[in-house]
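Written out below as structure tokens is the structure these notes cover.
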2 protein chains.
Amino acid sequence: MTYEDAISALADPTRRAILDRLRAGPAAVGAVAEGLPVSRPAVSQHLRVLSDAGLVTMTPAGNHRLYSLAPTGIDSLRHYLDSLWDDALAAFQRATEEKAKQKGKKT
Amino acid sequence: MTYEDAISALADPTRRAILDRLRAGPAAVGAVAEGLPVSRPAVSQHLRVLSDAGLVTMTPAGNHRLYSLAPTGIDSLRHYLDSLWDDALAAFQRATEEKAKQKGKKT
DNA sequence: TGTCTATGTAAGTCATGACTTACGAAGATG
DNA sequence: CATCTTCGTAAGTCATGACTTACATAGACA
């Protein structure tokens with residue numbers, strides 16, 4: 001449930017495809033697997049990882065289980081990125097100023 | 001330079017450690033490697049990946065090369081996450097309303 | 001020019017993880 | 001109860017990539 005779990009979960013293309021499928025709305029494992037070039041157990045394993053990372057939630061519904069997007073894991077990752085973004089922007093501005101000085105300082 | 005490159009680049013713990021080091025300011029390869037439990041060539045290879053993902057930039061400085069954080073790659077990833085965030089929030093709200101209805105509808 | 005420093009690249013090793021098939025458990029349905 | 005559907009898990013295979021050492025290149029400096 002840390003932001004690192006979210007990152008490594010999102011690193012896999014198949015898992016991103018699963019998330020894309022869930023953006024349209026909640027879906028069962030079989031329904032998700034139908035639109036993908038991998039087996040149903042593979043999808044099941046991926047959903048486990050996504051769930052551990054807080055990126056999806058599961059709600060039992062009789063025979064099957066509905067998976068849907070969860071804001072939790074995404075939020076932690078957003079915070080990390082925002083923080084990194086601040087420092088990157090600061091570094092970029094410092095570099096720009098440096099160049100301006102370099103340009104003015106002849107010889 | 002896509003957001004997918006940025007994600008898979010960030011997925012590695014060593015690369016995140018390198019970025020953390022660069023948050024304090026630009027640094028050369030050797031300086032970065034000193035604070036890490038891996039060899040200098042390993043750091044060099046990681047910086048290559050980070051650079052391809054648009055997460056760092058390199059500026060030659062005489063004998064050595066200074067690497068610094070770059071906003072570019074981070075930005076693309078932020079956009080992806082923001083978009084995913086919107087859908088996740090919508091899904092969460094729908095689920096909440098669903099539960100409210102379920103509660104009101106007795107028998 | 002000769003040498004030292006700082007770095008990138010090549011080649012090879014090894015662990016991680018994504019995928020498969022086979023199987024077992026839980027709820028719906030006749 | 002018997003069966004079908006839906007799903008998670010176990011075990012094993014295989015590719016990807018992170019790391020190492022060895023080597024080659026480019027600039028600083030005597």
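In what follows, every chain begins at residue 1, and chains take the letters A, B, ... in the order their sequences are listed.
Contacts between residues 15-24 of chain A and DNA chain D, counted as heavy-atom distances below 4.0 Å, involve no residue at all.
Side-chain nitrogen and oxygen atoms of A/Ser44 include none within less than 4.0 Å of the OP1 or OP2 phosphate oxygen of D/dC7. Between A/Tyr67 and D/dT6, a side-chain N or O to OP1/OP2 separation shorter than 4.0 Å is absent.
Smallest separation of non-hydrogen atoms from A/Ala9 and A/Arg15: O-NE, 2.7 Å. Shown here for B/Ala28 and B/Leu66, the closest heavy-atom pair between the two residues is N-CD2, 3.7 Å. Considering all non-hydrogen atoms of both residues, A/Ala11 and B/Ala11 come closest at CB-CB, 3.6 Å. The two atoms that bring B/Arg21 and B/Ala27 nearest to each other are NH2-CB, 3.7 Å, heavy atoms only.
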Could you walk me through whether B/Leu77 and B/Leu10 satisfy the side-chain contact (heavy atoms from CB on, under 4.5 Å) test, starting with their C-alpha distance in whole Å, then the side-chain angles of each, then the deciding distance to 0.1 Å, before giving a yes or no? CA-CA 10 Å; B/Leu77 192 44; B/Leu10 284 174; 3.5 Å; yes

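One interatomic measurement links the two molecules: CG of A/Leu10 to P of C/dA18, which rounds to 12 Å at whole-angstrom precision. In this structure, the CG atom of B/Leu66 is 12 Å from the P atom of C/dA6, given to the nearest Å. In this structure, B/Asp52 places its CG atom 12 Å from P of C/dG8, rounding to the nearest Å. In this structure, the CE atom of B/Met58 is 12 Å from the P atom of D/dG27, given to the nearest Å. The separation between B/Glu34 atom CD and C/dT5 atom P is 13 Å, rounded to whole Å. Taking atom NE2 on B/His64 and atom P on D/dC29, their separation rounds to 11 Å, with Å as the unit.
Ion pair A/Arg48/A/Asp52 flagged as a salt bridge, since at least one NZ, NE, NH1 or NH2 atom sits closer than 4.0 Å to an Asp/Glu carboxylate oxygen.
With hydrogens and angles ignored, the 3.5 Å screen pairs a side-chain donor or acceptor of A/Arg23 with a backbone N or O of B/Ser83. When atom types are taken as modelled, the side chain of B/Thr96 and the backbone of B/Phe92 share a donor-acceptor pair closer than 3.5 angstrom.
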For nucleotides 19-26 of chain D, give me one character per nucleotide, 5' to 3': B if any protein heavy atom sits under 4.0 Å from the base, S if the only such contacts are to the sugar-phosphate, - if neither. BBBB---B

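Hydrophobic cluster membership is shared by B/Leu22 and A/Tyr80, with clusters built from Ile, Leu, Val, Met, Phe, Trp and Tyr side chains linked at under 4.5 angstrom.
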